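For reference, the structure discussed in these notes is given below.
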Amino acid sequence: MEIEEELTSLLLALDREKIICIVEHLTDVIGVQQKSDLLFVEAEDLKPFLTPIQICKLLLAFKGDGNRPENLNDTITLEPCPAASAETSSHPPHPSSSTSTTMYNHYSSSWVSHLQIPWERFPLRLSHAITRGDRAHPEDRRSMVKIVVEAMQVHCRNPKRASCEEVAKIIVNRYPQTFADLTEKGERLGCGHYSLLRSIKSRVEHVNRDNTTHRLRQTKRTRNEEDCSPNSNATSPKKVRCLVDSYGCINWQPVELPEGETPASLEEKKHILLTIFNSEGPGAVERPDVDDFMCLTYISQRQLINSCPSLSVAEIQEQWPFLFTRKGLSNHFYKLTGIDISERLSQALITKGRRIINYFSSQKLKWNLGIRTLIQQIESEGVLTNNKVGTAAILLMMKYYKEDEDSLFVLADETSTRMSLEAESNLPITPRLIMLGKKSFMK
């Protein structure tokens with residue numbers, strides 16, 4: 001790929017994995033399709049990956065071939081980084097006038113440069129707000145987003161985020177007092193167009209929710225890698241795991257086998273685990289030997305999960321049933337990410353749960369009778385234990401979103417055991433939390 005070769009020649013100090021990350025970001029998010037498109041890359045597009053000095057050097061190389069340094073690791077004299085901005089008029093014309101058509105000349109996508117914002121179609125109240133420099137009413141803002149997305153879809157049925165951002169810039173740069181992200185004191189927040197970008201992109205995704213013919217996601221391809229299928233030819237698309245799949249992982253795919261183990265010995269341990277599960281069931285996960293074997297065969301589990309093409313969950317469960325128990329999944333996740341998911345979830349339920357309870361309690365009169373009754377019940381408990389904090393927060397959220405408690409909780413007799421509950425035939429087929437007692441909040 002010429003883009004990867006260009007970046008490799010300019011950023012000799014970077015390793016190949018980071019180069020691939022930058023290339024994927026430029027092609028999938030920014031919309032760079034060929035080497036000449038690099039001329040229009042901005043500093044903001046590279047911030048997550050490079051230092052400010054590296055960005056300036058890279059942009060300098062993109063902007064002028066004559067001034068391009070032979071190696072970006074050399075010392076060069078830098079000019080200020082170019083920043084894309086659209087001209088704004090100090091006295092904009094009334095948006096409902098026939099001449100109020102905006103043309104954006106800064107390149108992002110070929111169609112964006114020819115996009116005409118239909119200012120004349122905006123709601124009358126919004127047109128008056130623009131003229132006076134007032135903030136847009138939320139209802140008018142939503143209507144404006146719908147109109148703008150309709151105009152965008154004339155050129156592109158499913159615009160990428162980068163294109164949506166350029167359109168948001170057009171609108172905000174022309175009428176910042178009406179559409180920009182501002183503080184109460186009138187100071188611009190961040191780039192100023194983030195909230196409008198989110199609204200436009202959300203609208204694009206909404207109108208395309210059932211449209212499978214215009215989806216932009218394509219199979220990831222990497223160079224110098226063969227297709228997973230041994231019978232595939234050179235013209236078939238490659239289906240391989242890309243770097244982003246392993247983000248957040250510290251042990252994505254081990255390479256070295258455990259000490260003293262061979263592929264044959266690991267396969268034998270896998271069959272032993274299957275035999276134990278088939279004879280004793282998921283409760284055998286507590287056996288020490290099962291725990292040891294699951295730890296030793298982690299590399300085999302990852303090979304199966306990372307296999308290409310991907311297997312279904314049912315196929316993985318068939319080969320590694322202990323992986324689908326609470327202990328097996330928690331231990332696997334800890335080796336994969338270094339995070340104890342059970343402890344992290346418990347901490348989140350306590351800290352975030354208390355925040356949710358405090359929020360609802362601080363605005364009692366605002367809520368309906370069901371929420372107020374639940375708040376009174378929670379307050380009557382006094383100081384909540386950590387176990388009840390998470391339950392109370394979940395119940396409050398369910399009341400707020402008008403969800404039935406039966407959709408998540410199943411009440412059972414206090415004397416019930418796990419075996420007696422599993423033997424009942426009236427349990428729902430979808431997952432539930434079984435609470436022992438007459439009420440879901442108080443045991």
Side-chain angles (χ1 to χ4, degrees), residues 195 198 202 205-206 209 247-249 282-283 285-286 313-314 316-317 321-443:
S195 62
R198 287 189 59 184
S202 296
E205 292 173 349
H206 175 73
R209 63 192 183 281
Y247 284 176
C249 301
V285 73
E286 301 296 336
V313 174
I316 297 175
Q317 184 175 12
F322 282 117
L323 191 57
F324 289 80
T325 62
R326 177 178 177 178
K327 183 177 181 180
L329 186 60
S330 297
N331 290 345
H332 185 95
F333 189 83
Y334 182 77
K335 290 182 70 69
L336 178 66
T337 64
I339 296 173
D340 186 337
I341 190 63
S342 299
E343 181 181 349
R344 184 68 61 90
L345 178 60
S346 299
Q347 291 175 351
L349 285 173
I350 295 170
T351 56
K352 306 222 171 16
R354 291 192 186 280
R355 190 180 306 168
I356 291 171
I357 294 172
N358 292 337
Y359 171 76
F360 280 96
S361 299
S362 64
Q363 306 185 57
K364 285 184 189 176
L365 300 179
K366 178 180 177 181
W367 312 117
N368 58 38
L369 180 60
I371 295 179
R372 292 202 302 270
T373 303
L374 182 57
I375 292 174
Q376 291 175 358
Q377 185 181 1
I378 293 171
E379 291 178 343
S380 67
E381 289 287 304
V383 180
L384 297 179
T385 62
N386 289 341
N387 289 336
K388 289 188 176 182
V389 167
T391 306
I394 293 172
L395 287 171
L396 281 170
M397 295 299 293
M398 294 182 73
K399 287 286 186 183
Y400 179 79
Y401 289 108
K402 300 179 182 178
E403 299 279 352
D404 293 331
E405 290 185 15
D406 295 342
S407 64
L408 184 59
F409 296 99
V410 173
L411 298 181
D413 188 82
E414 293 182 1
T415 60
S416 299
T417 63
R418 179 175 178 178
M419 293 182 63
S420 65
L421 290 171
E422 290 178 348
E424 294 182 12
S425 58
N426 60 345
L427 286 177
I429 59 174
T430 53
R432 295 289 197 280
L433 296 175
I434 298 178
M435 311 291 289
L436 301 181
K438 297 181 179 179
K439 296 182 180 180
S440 57
F441 180 62
M442 293 184 295
K443 284 188 177 181

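Below, each value reflects all heavy atoms present in this structure, side chains not excepted, and no hydrogens, waters or symmetry copies. Treat the numbers as computed from the prediction; the structure is a model and nothing was measured.
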Check salt bridge (Lys or Arg N to Asp or Glu O under 4.0 Å) between [X] and all other residues, then give those that pass, not counting sequence neighbours.
X	result
Glu403	none
Lys364	Glu379
Lys352	none

Can you see which heavy atom on [X] is nearest to which on [Y], and at what distance?
X	Y	result
Thr325	Val285	OG1-CG2, 3.4 Å
Gly353	Ala393	CA-CB, 3.6 Å
His206	Arg209	O-NH1, 2.6 Å

Checking Ser380 side chain against Gln377 main chain: does a donor-acceptor pair fall under 3.5 Å?
yes
Quick one: pull up [atom1] in [X] and [atom2] in [Y] and give me the separation to the nearest 0.5 Å.
X	Y	atom1	atom2	answer
Ile339	Leu345	CD1	CG	12.0 Å
Met397	Ile371	CE	CD1	9.5 Å
Ser361	Arg372	OG	CZ	13.0 Å
Ile341	Asn331	CD1	CG	12.5 Å
Phe324	Ile316	CZ	CD1	5.5 Å
Thr337	Arg344	OG1	CZ	8.0 Å

Minimum side-chain heavy-atom gap [X]-[Y] below 4.5 Å:
X	Y	value
Leu433	Thr391	no
Leu396	Ile378	yes
Asn386	Gln347	no

Can you confirm whether more than 12 heavy atoms, excluding those of Tyr334, are under 6.0 Å from its OH atom?
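At most 12 heavy atoms, drawn from other residues, nucleotides or ligands, come within 6.0 Å of this atom.
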List the residues meeting side chain to side chain contact (heavy atoms under 4.5 Å, CB included) with Ser362, not counting sequence neighbours, and say none if there are none.
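Ser362 satisfies side chain to side chain contact (heavy atoms under 4.5 Å, CB included) with no residue once adjacent residues are dropped.
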Could you tell me which residues satisfy side chain to side chain contact (heavy atoms under 4.5 Å, CB included) with Thr373, sequence neighbours excluded, listed by chain and number?
Leu369
Considering only residues two or more places apart or on different chains, which pairs with a residue in residues 366-399 satisfy ring pair (Phe, Tyr, Trp, His ring centres under 6.0 Å)?
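Checked against ring pair (Phe, Tyr, Trp, His ring centres under 6.0 Å) - neighbours excluded - the pairs reaching residues 366-399 are Tyr359-Trp367, Phe360-Trp367, Trp367-Tyr400.
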side-chain hydrogen bond (donor to acceptor under 3.5 Å, both in side chains) partners of [X], counting only residues at least two apart:
X	result
Thr415	Asp413
Asp406	none
Arg198	none
Ser195	Arg141, Asp181

What residue pairs, at least two apart or across chains, pass salt bridge (charged side-chain N to carboxylate O under 4.0 Å, His left out) with a residue in residues 391-402?
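Output for this query is empty, none listed.
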Salt bridge (charged side-chain N to carboxylate O under 4.0 Å, His left out): which pairs involve residues 327-343, sequence neighbours left out?
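As it turns out, the salt bridge (charged side-chain N to carboxylate O under 4.0 Å, His left out) pairs with a partner in residues 327-343, which skip direct neighbours, are Glu286-Lys327.
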